[in-house]
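A short write-up of the structure that comes next.
Atoms within a ligand are numbered from 1 in the order they appear, just like the ligands themselves. One-based numbering along the sequence shown.
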Amino acid sequence: MTQITEIAPDLYRISTFLPEANLQFNQFLVRDEQPLLFHTGMKGLFPAVRDAVATLLAPATIRWIGFSHFEADECGALTEWQTLAPAATAVCSLVAKLVSVDDVVARRPAQALADGEQLCTGKYRFRLLQTPHVPHCWEASLLFEETQGTLLCSDLFHQNGDVEPSTSADVVGRFKQMLVEYQQGPFAHYLPYTPYTEPTLQRLAALKPRTLATMHGSTFVGDGAQALADLAQVMQEVLGGR
Ligand SMILES: [Fe+2]
Ligand SMILES: [Fe+2]
């Protein structure tokens with residue numbers, strides 16, 4: 001079952017829980033003059049995500065497809081989306097575009113944004129932040145929507161289970177629990193801890209986001225700077241110094 005929740009004005013969380021993974025896969029749809037979808041989900045999720053988008057706007061009008069890094073849950077269905085939506089263009093880091101996206105999944109060249117560069121979709125403004133290896137992968141970047149203070153934060157704040165769409169309660173405790181569990185099984189070393197981790201999280205905290213839209217788990221609404229500081233602490237505790 002795919003669930004749709006408006007987590008900020010014109011920002012919709014489209015969420016499908018996969019019991020076999022004990023994990024929600026979330027995509028975020030921004031309804032604006034130039035509609036933007038952040039994360040496509042895997043190819044297998046495409047029919048469900050497309051049908052969910054169709055309840056909010058015409059899927060063929062999607063103009064931008066954003067994502068953090070090159071993985072199936074981030075951009076696996078990009079080809080399918082670009083087949084359906086003739087103007088849909090991937091928006092990502094230059095490394096993502098040049099190293100993987102244009103060659104493997106894109107039907108038309110991706111729009112690369114430099115670190116700090118803006119994309120205006122109408123009333124909303126997205127700034128790309130290059131975040132190498134945060135949450136993971138060389139090409140990683142995140143988008144920050146500046147008018148509403150929403151950070152599209154990909155795997156940061158990942159929580160397992162079929163949790164509520166959005167919460168103002170602590171989500172870092174659940175994130176820590178996931179990290180500890182994953183470190184003991186086949187998903188160990190999911191997130192790296194590098195010399196860039198702490199400064200990157202500090203840079204994100206300085207944006208003072210009000211909404212943290214995570215790919216897996218509940219969206220957090222509240223003091224995003226504090227949540228990111230807490231997240232940094234947990235990552236240092238669980239992953240740092242190894
Ligand atoms: Fe990922
Ligand atoms: Fe993910």
Side-chain angles (χ1 to χ4, degrees), residues 2-3 7 13-29 36-46 48-49 52 65-78 80-81 90-93 95-97 99-101 104-105 110 128-144 150-163 165-166 171-172 174-183 185-194 196-197 200-201 204 211-220 227-228 231 234-235 238-239:
T2 298
Q3 206 182 354
I7 55 157
R13 175 185 182 270
I14 296 169
S15 181
T16 309
F17 178 67
L18 298 186
E20 62 274 26
N22 188 33
L23 201 54
Q24 293 171 334
F25 288 86
N26 306 325
Q27 302 79 41
F28 297 94
L29 178 68
L36 179 144
L37 181 68
F38 194 73
H39 306 145
T40 65
M42 302 78 87
K43 285 183 191 296
L45 275 185
F46 174 68
V49 178
I65 295 184
F67 49 89
S68 166
H69 47 275
F70 191 74
E71 284 186 329
D73 56 359
E74 297 272 349
C75 61
L78 179 63
E80 284 76 359
W81 273 102
V91 54
C92 57
S93 72
V95 176
K97 171 187 167 68
V99 174
S100 302
V101 174
V104 186
V105 283
L128 182 133
L129 300 139
Q130 220 167 314
T131 58
H133 306 291
V134 178
H136 53 186
C137 302
W138 175 29
E139 70 278 11
S141 65
L142 299 173
L143 285 182
F144 180 59
T150 301
L151 183 63
L152 297 164
C153 57
S154 177
D155 298 320
L156 293 177
F157 297 95
H158 174 143
Q159 308 139 56
N160 288 338
D162 198 10
V163 292
S166 115
V171 291
V172 176
R174 291 181 191 165
F175 171 78
K176 181 176 183 179
Q177 194 184 341
M178 174 282 296
L179 271 187
V180 169
E181 277 173 27
Y182 274 18
Q183 282 302 85
F187 296 122
H189 314 299
Y190 169 40
L191 306 179
Y193 193 86
T194 79
Y196 319 112
T197 307
T200 301
L201 294 173
L204 297 175
T211 304
L212 298 166
T214 184
M215 177 190 256
H216 310 285
S218 303
T219 290
F220 174 75
L228 281 153
L231 184 98
V234 160
M235 287 182 72
V238 181
L239 306 170

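- Among the atoms of Asp73, an N, O or S atom is found under 2.8 Å from the Fe ion (ligand 2).
- Restricting His216 to its N/O/S atoms, the shortest distance to the Fe ion (ligand 2) is reached by NE2.
- In Asp155, the N, O or S atom that comes nearest to the Fe ion (ligand 1) is OD2.
- Counting only heavy atoms from C-beta outward, the side chains of His133 and Thr197 never approach each other to under 4.5 Å.
- Between Trp81 and Phe46, the two ring planes are perpendicular [angle over 60°; tilted spans 30° to 60°].
- From Phe25, atom CZ reaches atom CG of Leu18 across 5.0 Å, with rounding to the nearest 0.5 Å.
- The distance from the Fe ion (ligand 1) to the nearest N/O/S atom of His69 is under 2.8 Å.
- Residue side and main chain included, Met215 places an N/O/S atom under 2.8 Å of the Fe ion (ligand 2).
- Here the angle centred on the Fe ion (ligand 1), running from OE1 of Glu71 over to NE2 of His136, is 100°, rounded to 10°.
- Using bins of under 30°, 30° to 60° and over 60° for the plane-to-plane angle, the ring pair His158/His216 lands in the tilted bin.
- Counted by atom type alone, Glu74 and Ser154 present one or more donor-acceptor pairs between their side chains at under 3.5 Å.
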